[in-house]
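Before any comments, here is the structure.
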Amino acid sequence: AAAAAAAARSLIMAQKGHQGTSRRRARTTFDAGTRRTQIIPSAIAIATVLVGAIFPGADAGARYSFVARPCSAHVRVHSMMVASDPASGTRSAHVKHAKDILAAHEAAETKIGHGEGLNSHVGISAFAEGVHAALSDARRIDELVGQFAYWGSVRQTGHQPAIGHGNIKRALGQLLLGSAAGAAGPSDVTARFRTMRPLTSHEVEAASDLSNWPVEGAAAAAMASGSAAAAAHRARSSHDAQHPSAPSAWHLDLVLDRGAPGHGDARVLDLRLHFDPEGSVDILEVYENTPSLISRADSPELSPLGPQWETFDGRTTQRIWLCANCFTDPTNTLLRDTLELSTGRLVAVVDRTVWELYEDDIRGWCDREGVLLEPLVTPGNEDQKTMDNLLALLDELARVDPLRRSEPVLAIGGGVLTDMAGFACALWRRGIPWCRMPTTLLGMVDASVGVKVATNYHRKNGIGAFHSPLHTFIDPSFLHTVPIADIRSGVGEMMKAALIHDGTLFDLLEEEGERLIQERFTSAAKDAPAGGHLASDAAAEAIRRSVDAMLQCIGPDLWEESLVRPMDFGHSLSRTLEATEAFKLRHGEAVAIDCAFSTLVAAEKGLVTPEEAQRVLRCYAALGLPCSVRGVTADTYKRAVREITVHRDGLLRAPLPRGIGACAYADKITDEEVEAAFAKLEVFLAQEPHVLWDRKCSFNPETDIAS
């Protein structure tokens, strides 16, 4: 009784510190002694009376919890619900506790069926709906996978943790469907959610203890990185949103029935869902039988030294470094330290234009480091991304014959060059290691993220592979020689990431974008080395946020096994535009046109307001980005919708902006919506004719807009 009174007093003090807040949680601990089975029920009863009697300031619906720690290793958790009846002025307190306290109290747990009672937590509701949708149509498992955070994982006893969306998709497919997911049509399995309760602090801590999970090597490092990244993200999100509360963690009992419920086979799973502050699933733990809880060990910390970005999707580790003046700054040792050229030779595939501009810098670095340079100079324009040039590059690789393990090939150039060089490395001797150094803005914020490599054959990127580089080096000092038209093309991709994922990036580009374009996202800063260039603070922030957005959206699924991908925004309609020779657009330009029109479609669906849609169009006009190209009609977009629907397995899944900085998906875009959006676009084009492009706008260097 004394312990219960102490607990109640603690709760009262906590409440006094949070007046006016409808839902707060405070914790206190007490030792119930060895007679826990007798003392705990009494403590519960007395605490209930005390809280109900002496909580004059408690808000209706406020929730509180306290933890009892008996001398044994068992953990008991009790959750108090203080209810107030405004009409009668009465207050009462109800205690809910874990089912392992007393079997007689199991009825006090929350009972939930097909969605019933799940609305108490938006993330749980969405997860339950995702499970039911996946069981009704196996293709819908992609929507369930999309609820997982960038660093999310599925952890199941007896299995390696599934890290990254591709592995999560396979794990959930096996868990729910008994096979790899993706086939159309309903399964013969139905789901029932039976009980729900908050996780105890020990259960949450046990999930953070990486020693509890059978994982080794790169996956272990990825889990450690993900744990630290998730913690940092929670801190940022809580600070940014001014929500200091901890992320939610809940237990669910999931019953999977094969056949009629109660008459067929049933499988009961203990699910433990850990949500980040934005409602995404951070960790899903799956137990057939609940194991004993293990005390938390100290979490491994990331080294302060290392790449700016490092991802692991279950198959490969991707390391991306951001560092200026890699070749020109004598004090910059990044390339020497990371390439580990033990043979003293560097095989470099270099874009022809880059070689003309930077041959002296590259040779100078090799001379200083005592490295023999083997330059393979290759054309790097889109119309030169051909089989003939790929075969010529393979001939050059055969000539220099890089050692498969100790001489990684370094590809230096734009996205076309790194695409083709990576594909050549994937083919030569069944795959040799390579690294890339993108030299264009588009290459830095788009092509530098991901593991796809290809060349054009019968169609754009007709043949290709997934072949991850060991390292990616983003060096903004290359940007000061990139033509303005190509800088704008890169901004088209940055705007895509801003609209669909990062509203702060949109604000930055809206305010600073035109200046950054004119400065080519770099400047000859006074602290730069002789002949070197550094990115301004705004430029570095824009590049960093763009890479962040790309990695958060595609990093967990580099092999693109999930078909729900936010970064497909801008790529639903642009495929048709790029494939049409009459339009002759750079990739970023086609993406910009797609994004502008898709935003108007989103407005027709009520996902963005008319004011937000106009703000987006005005921003595009201010940045000199195209919103359309001569020859495009509403029929062009209707055809593009049909073509991309086939490409995406019969479900459109078109990412559309939800406001500015968030994403929604549409499985259908009607002809009427296309026509209405195109009519609004034509009105804007009449007001801002310079955003209606033709071929010379894109490729004539004398045109004011492009160059």
Side-chain angles (χ1 to χ4, degrees), residues 236 240 308-309 322-325 438-446 448-449 474-528 532-553 567 569-570 586-589 591-593 595-596 599 608 611-627 657 659-662 684 688 690-691 704-707:
R236 287 197 304 270
D240 293 345
Q308 277 69 22
W309 298 275
L322 177 60
C323 189
N325 303 297
T439 58
T440 64
L441 184 61
L442 184 66
M444 293 176 187
V445 302
D446 182 55
S448 69
V449 181
I474 297 179
D475 185 345
S477 65
F478 284 104
L479 295 177
H480 79 282
T481 55
V482 174
I484 290 292
D486 289 311
I487 295 290
R488 288 193 199 277
S489 178
V491 172
E493 281 283 357
M494 298 173 82
M495 286 292 289
K496 170 201 73 175
L499 279 171
I500 211 72
H501 190 75
D502 188 348
T504 301
L505 176 58
F506 182 90
D507 295 341
L508 177 60
L509 293 174
E510 185 180 42
E511 296 171 8
E512 304 279 353
E514 182 55 26
R515 177 180 67 82
L516 295 178
I517 290 172
Q518 295 303 324
E519 292 178 355
R520 292 178 168 85
F521 282 77
T522 187
S523 61
K526 63 181 181 180
D527 53 346
H533 290 73
L534 295 174
S536 66
D537 290 343
E541 175 74 359
I543 292 172
R544 183 188 65 77
R545 283 190 169 273
S546 297
V547 177
D548 276 347
M550 287 291 292
L551 279 174
Q552 288 169 15
C553 291
M567 287 304 161
F569 179 58
R586 289 176 172 84
H587 177 68
E589 296 164 352
V591 168
I593 292 171
C595 290
T599 300
V608 301
E611 294 76 18
E612 288 171 329
Q614 287 300 308
R615 181 187 174 195
V616 170
L617 293 179
R618 288 194 301 270
C619 183
Y620 272 62
L623 296 175
L625 291 170
C627 293
I660 295 177
F684 184 76
E688 303 282 352
H690 68 278
V691 299
D704 291 339
I705 294 176
S707 62

Could you go through Asp486 and Leu442, starting from their C-alpha distance and side-chain angles, then the distance that decides it, and tell me whether this counts as side chain to side chain contact (heavy atoms under 4.5 Å, CB included)?
CA-CA 8 Å; Asp486 289 311; Leu442 184 66; over 6 Å; no

I need the [X] [atom1] to [Y] [atom2] distance, nearest 0.5 Å.
| X | Y | atom1 | atom2 | value |
| --- | --- | --- | --- | --- |
| Cys323 | Asp475 | SG | CG | 7.0 Å |
| Asp548 | Trp309 | CG | CH2 | 6.0 Å |
| Glu541 | Asp537 | CD | CG | 9.0 Å |
| His501 | Gln552 | NE2 | CD | 4.0 Å |
| Cys595 | Leu499 | SG | CG | 6.0 Å |
| Glu514 | Leu509 | CD | CG | 11.5 Å |

Can you name the nearest heavy-atom pair linking [X] to [Y], along with the distance?
| X | Y | result |
| --- | --- | --- |
| Arg515 | Ala538 | NH2-CB, 3.7 Å |
| Glu589 | Ser489 | N-OG, 3.9 Å |
| Leu516 | Ala539 | CD2-N, 3.8 Å |
| Leu441 | Leu479 | N-CD2, 3.4 Å |
| Pro626 | Tyr620 | O-CD2, 4.0 Å |
| Gly492 | Val591 | O-CG1, 4.0 Å |

Can a salt bridge be assigned to the pair Glu611 and Arg618 using a cut-off of 4.0 Å between side-chain N and carboxylate O?
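Not counted as a salt bridge, because no side-chain N and carboxylate O are separated by less than 4.0 Å.
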
Using 4.0 Å as the upper bound for N to carboxylate O, is an ion pair formed by Arg615 and Glu510?
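Looking at Arg615 together with Glu510, the answer is yes, because their closest N to O distance falls below 4.0 Å.
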
Show the numbers, then the answer: is there a side chain to side chain contact (heavy atoms under 4.5 Å, CB included) between Lys496 and Asp446?
CA-CA 10 Å; Lys496 170 201 73 175; Asp446 182 55; 3.8 Å; yes

Assess the residue pair Ile593 and Cys627 against the criterion (side chain to side chain contact (heavy atoms under 4.5 Å, CB included)); give the C-alpha distance rounded to whole Å, side-chain angles, the decisive distance to 0.1 Å, and a yes or no.
CA-CA 5 Å; Ile593 292 171; Cys627 293; 5.9 Å; no

If we ignore hydrogens and angles and just use 3.5 Å, is the side chain of [X] paired with the main-chain N or O of [Y] as donor and acceptor?
| X | Y | value |
| --- | --- | --- |
| Arg520 | Ile487 | no |
| Asp502 | Gly661 | no |
| Thr481 | Phe478 | yes |

With the side chain counted from C-beta on, respond yes when [X] and [Y] share a heavy-atom pair under 4.5 Å apart, and no when they do not.
| X | Y | answer |
| --- | --- | --- |
| Met494 | Phe521 | yes |
| Val445 | Met550 | no |
| Val491 | Ile517 | yes |
| Thr440 | Met444 | no |
| Ser546 | Glu493 | no |

Tell me, please, which residues at least two apart from Thr504 pass side-chain hydrogen bond (donor to acceptor under 3.5 Å, both in side chains).
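In terms of side-chain hydrogen bond (donor to acceptor under 3.5 Å, both in side chains), with neighbours along the sequence ignored, Thr504 is linked to no residue.
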
Step by step, would you call Thr522 with Ser477 a side chain to side chain contact (heavy atoms under 4.5 Å, CB included)?
CA-CA 7 Å; Thr522 187; Ser477 65; 5.6 Å; no

Qualifying residues under ring-ring contact (aromatic ring centres under 6.0 Å, His included), relative to His587, sequence neighbours excluded:
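His571.
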
